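Here is the structure we will look at.
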Amino acid sequence: MPAQLIGGIGTSHVPAVGAAIDHGRQDEPYWAPYFEKIEPARQWMADKSPDVCLVVYNDHASAFSLELIPTFALGVAAQFAPADEGYGPRQVPAADGHPELAWHLAESLILDHFDMTIVNEMTIDHGCTVPLSVVYGQPEAWPCKLIPLCVNVIQYPAPTGQRCYDLGGAIRRALDSWPGNERVAILGTGGMSHQLQGERAGLINAEFDVAFLDRIVDDPAGQAAVEHHEYLREAGSEGIELVMWMVMRGALDANVREVYRAHHIPTSNTSNGLLVLENADS
Ligand code: DHB
Ligand code: FE
């Protein structure tokens, strides 16, 4: 039996969400409405209990400096410690990797024409640890193994939404050819609309975000064709992070079931989205 893709999650990866969890501030008036909304997704993860989480995120110049900018990088290490992003590493567990499955992914993806950078040693920044906190809360140890997949969206040129969507399809082919029977969840992280810099700092576009949520469910091929300038214009300079949700969507079947959706404005500077999808035939 091949690996079983139990579903896909799209989630923002706002560092302040991690700080709110780490400092026990979830019940404060600013945070309580957001944390209430994410509870059903946590319940879904607890029920499904995947063995492996493949987390698609962007490193924010933490593990990789601007000296080296891989477009797609796959972590094959046995363990991933939280990164120090300037204020000490988050006090969350290091994540155990799954080197065997990660190397299978590397081989399958590269032979399938996606030239991944293979990373033997890397730390994981808020782009990865915050989504784990979103879906798992504060366990002593993360209840899954982690395979991190980094996408460059911080230095122009980022890969297109189409390329990310196609990478998702190649990930699915890799999982389908893995002889183990691990239960795998794929997380696409980042977004939704936000801009942290420049004249339009603070930009949020709820209309764009809701349309993105609708379309990634029902018309992923159409959403994949959306070009960078539209994300930038409509969702701000950091809204481009949404292309990483397309990797997650590309790994799923054409027909999916929307299990859960939440949208909360704002957390920090960001329109915060959360989407749980399962293959319709599962
Ligand atoms: C914020 C959001 C991000 O995606 C990020 O990487 C850093 C900061 C924010 O909203 O503060
Ligand atoms: Fe980010």
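Atoms within each ligand, like the ligands themselves, are counted from 1 in listed order. All values below were derived from every heavy atom in this structure, side-chain atoms included, with hydrogens, water molecules and symmetry-related copies excluded. Quick caveat, the model's predicted, so the values are computed rather than measured.
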Out of Asp209, Thr270, Asn205, which residue meets the side chain to side chain donor-acceptor pair (under 3.5 Å) rule with Ser193?
Asp209
Would a distance-only check, ignoring hydrogens and angles, find a side-chain to backbone donor-acceptor pair under 3.5 Å from Ser12 to Gly273?
yes
Above 12 or not: heavy atoms from other molecules or residues under 6.0 Å from CD of Gln138?
yes
Val55 side chain near Leu149 side chain, heavy-atom distance below 4.5 Å
no
Pairs of nitrogen or oxygen atoms, one from ligand 1 and one from the protein, closer than 3.5 Å: please tabulate them with distances.
from     : atom 1 : to     : atom 2 : distance (Å)
ligand 1 : 4 (O)  : His13  : NE2    : 3.2
ligand 1 : 4 (O)  : His194 : NE2    : 2.9
ligand 1 : 4 (O)  : Glu241 : OE1    : 3.2
ligand 1 : 6 (O)  : His60  : NE2    : 2.7
ligand 1 : 6 (O)  : His126 : NE2    : 2.7
ligand 1 : 10 (O) : Ser268 : OG     : 3.4
ligand 1 : 10 (O) : Asn269 : N      : 3.1
ligand 1 : 10 (O) : Thr270 : OG1    : 2.5
ligand 1 : 11 (O) : Ser268 : OG     : 2.5
ligand 1 : 11 (O) : Asn269 : ND2    : 3.3

Per-pair distances, 0.1 Å, donor-acceptor, side chain in residues 159-168, under 3.5 Å, sequence neighbours excluded:
from   : atom 1 : to     : atom 2 : distance (Å)
Thr160 : OG1    : Arg163 : N      : 3.0
Gln162 : NE2    : Asp166 : OD1    : 3.1
Arg163 : NH2    : His113 : O      : 3.3

Counting heavy atoms not belonging to Glu107, are there more than 12 under 6.0 Å from its CD?
no
Among Val14, Leu203, Leu196, side chain to side chain contact (heavy atoms under 4.5 Å, CB included) partner for Asn269
Leu196
Using atom types as modelled, flag every donor-acceptor pair under 3.5 Å from a side chain in residues 65-91 to any protein atom, sequence neighbours excluded.
from  : atom 1 : to     : atom 2 : distance (Å)
Ser65 : OG     : Glu67  : N      : 3.0
Gln79 : NE2    : Asp96  : OD1    : 3.4
Asp84 : OD1    : Gly86  : N      : 2.8
Asp84 : OD1    : Tyr87  : N      : 3.4
Asp84 : OD1    : Gly88  : N      : 2.9
Glu85 : OE1    : His126 : ND1    : 2.7
Glu85 : OE2    : His126 : N      : 2.7
Arg90 : NE     : Asp22  : OD2    : 2.7
Arg90 : NH1    : Thr129 : O      : 3.3
Arg90 : NH1    : Thr129 : OG1    : 3.1
Arg90 : NH1    : Ser133 : OG     : 3.1
Arg90 : NH2    : Asp22  : OD1    : 2.7
Arg90 : NH2    : Asp22  : OD2    : 3.4
Arg90 : NH2    : Ser133 : OG     : 2.9
Gln91 : NE2    : Pro89  : O      : 3.3

Just by distance, do the side chain of Arg183 and the backbone of Lys48 share a donor-acceptor pair under 3.5 Å?
yes
Protein-side N, O or S atoms sitting under 2.8 Å from the Fe ion (ligand 2) are His13 NE2, His60 NE2, Glu241 OE2
